[in-house]
Amino acid sequence: MNLSDNIIEISDLSFKREDRIIYNDINLKVPRGKVTAIMGPSGIGKTTLLRLIGGQLLPNSGKILFNDENIVTASRKSLFKMRRKMGMLFQSGALFTEMSVFDNVAFPIREHTKLPESIINKVVLMKLEAVGLRGAAQLFPAELSGGMARRAALARSIALDPELIMYDEPFAGQDPISMAVIVRLIRELNDALGLTSIVVSHDVEEVLSIADYVYIIANQTVIAQGTPQQLRQEKSEQVIQFMEGRPDGPVPFHFPHQDYKKEMCNNVD
Amino acid sequence: MLTKTLLSLGNSGINFITGAGRAGMLLLGALKPSGRGVKFFPLLVKQLYVVGVQSLVIIVIAGLFIGMVLSLQGYSLLVGFGAEQSLGQMVALSLLRELGPVVSALLFAGRAGSALTAEIGLMKATEQLSSLEMMAIDPMHQIIAPRFWAGLISLPLLSAIFSAFGILGGHLVGVDWLGVDTGAFWAIMQASVDWNQDIATGLLKSMVFAVVITWIALHKGYDAVPTSEGISKATTSTVVTASLAVLGLDFILTALMFS
Ligand SMILES: Nc1ncnc2c1ncn2[C@@H]1O[C@H](COP(=O)(O)OP(=O)(O)OP(=O)(O)O)[C@@H](O)[C@H]1O
Ligand SMILES: [Mg+2]
């Protein structure tokens, strides 16, 4: 089969939560074998986008192609088949609380392969070593710090060497050293294993340092895209505001709401 | 005003129907254990331990006490007619037909049902269910089905144990304390307890209760609003709904079986 250059192609996707429009005809492509970053203000719908790609949410309209197959209309069976090729690091980690770190990482391997325990043991320890948690293998999720839990979850999401890995905020809660380790890990996994990575993050510098291609999302759609170099030269106010973290500008910092002044005055009766 | 009332009525109607639909889907998913193949059995065994074995102590203690109280009450009633020999019969029949299935179901709803709801609600809130889905593993097969079958198997057994310990408690008070003749206690009980009339009906009741309680508990957890408040509400609602369902169904089943 001749696969297209893009592992994910999203076209004219719209998604609503109750009455609030999260996405309005968004278009986005994730090139195969590259690290694609998705940035945007908090609450704009980045996690939602990953869930749409994973088929956990259904859009109101539009297409999401994964290896040229539409996730939106896929049967449950073929959706599960596609998910086997995806890994996802959840924003909260989502480790299984009743299993040790080791078993958490081993879980997807035991479920989807028939490898003997001796090999699983080696694979799991390799993954844990990669995130610096080999020593914590026998701990339970409740015994980990927030940052450790996310690294353990990261080890689990790469356990099966999926074709596509989606990282939701991989750097959140990490100290500078583990941050650098994770940045390097994402890059190395991507290049050594020929995976495709989607990184969702607010950390502008880290993202620009590892991404091959960057999308910035705001106002229900993509407001800028390009390589890190291109974005650094971007003149658009919205982009400059986001990249430099200025509170004033065209990107709203606040959740949509009625006028501040008006609401304050309303209460002074 | 009227349209508002109608609207909210319609809305709750729709909510009720979609809720019932989701509950139905959940039951269907849970009834199909084959989804996990051989991996189903270790999961089931673990849940049998959590749902069944861990409810054992409370069932045994409650059974003993209920049997003892029955015996005390029964004795003071029967002795007036000089019929205290029939104490064994009275204790056994009350337990096998009614109190065994019903009280153990109520305890089960409080002990195991609430725990199931809270556990699944928490799994939902911490995205463990989502992450199973993303690993291409159906939470219905991995989480729901083993718990459902464990509930289904456990409660009838727990009811039987409850009744057995109740009879023991009745013997303790009636024979060892109040001095009813032990031979008469057992002999009249054996002569009057009928397999079809008493034991099978009790067993059938507790099977129905098992389905209903476990189903409600799993559904409430799976449908819980994934916040701490949502989970605590769902847990309470499981105990209340399941208990009322047990009592209501008990009346219906009794009416069907004994009339
Ligand atoms: N379960 C839900 N029900 C209703 N609305 C939701 C739900 N989950 C998210 N939302 C809404 O959807 C919007 C997008 O949420 P999402 O989690 O995708 O944001 P995000 O871009 O990942 O934010 P962050 O960077 O803070 O993680 C938010 O404004 C939120 O209010
Ligand atoms: Mg998010």
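All values below come from the heavy atoms of this structure, side chains included, with hydrogens, waters and symmetry mates left out. Below, chain A is the first sequence line, B the second, and so on; all start at residue 1.
Just one residue in the list A:Gln174, A:His202, A:Arg150 forms a side chain to side chain donor-acceptor pair (under 3.5 Å) with A:Glu169, and that residue is A:His202. For the side-chain contact (heavy atoms from CB on, under 4.5 Å) with A:Lys46, the qualifying choice from A:Leu50, A:Ile44, A:Leu49 is A:Ile44, the only one to do so.
For B:Tyr222 (side chain) and B:Met140 (main-chain N/O), no donor-acceptor pair under 3.5 Å exists by modelled atom type. A:Gln56 places a side-chain N or O within 3.5 Å of a backbone atom of B:Ser130 that can act as its donor or acceptor partner. Checked by atom type and distance alone, the side chain of B:Trp215 pairs as donor or acceptor with a backbone atom of B:Ala23 at under 3.5 Å.
Heavy atoms closer than 4.5 Å to chain B are found in the backbone of A:Leu95, but not in its side chain. With a 4.5 Å cut-off on non-hydrogen atoms, A:Arg110 touches chain B through its backbone but not through its side chain. Of the atoms belonging to A:Met88, it is side-chain heavy atoms, and not backbone ones, that fall under 4.5 Å from chain B. Contacts of A:Ser157 with chain B are absent, with no heavy-atom separation under 4.5 Å from either backbone or side chain. Contact annotation for A:Met166: only side-chain heavy atoms (C-beta onward) come within less than 4.5 Å of a heavy atom of chain B. For B:Ser131, the parts sitting under 4.5 Å from any heavy atom of chain A are the backbone and the side chain alike.
Under the 4.0 Å criterion applied to side-chain N and carboxylate O atoms, A:Lys63 and A:Glu9 are not assigned as salt-bridge partners.
Scanning residues 115-131 of chain A against chain B with a 4.5 Å non-hydrogen threshold yields no residues.
Figure legend: A:Arg51 and A:Phe15 shown without cation-pi pairing, the cationic atom not lying both under 6.0 angstrom from the six-membered ring centre and within 45 degrees of its axis.
Within a 6.0 Å sphere centred on NZ of B:Lys124, heavy atoms belonging to other residues, nucleotides or ligands number more than 12.
Legend: residues meeting salt bridge (Lys or Arg N to Asp or Glu O under 4.0 Å) with A:Glu98, ordered by chain and number and at least two apart, are absent.
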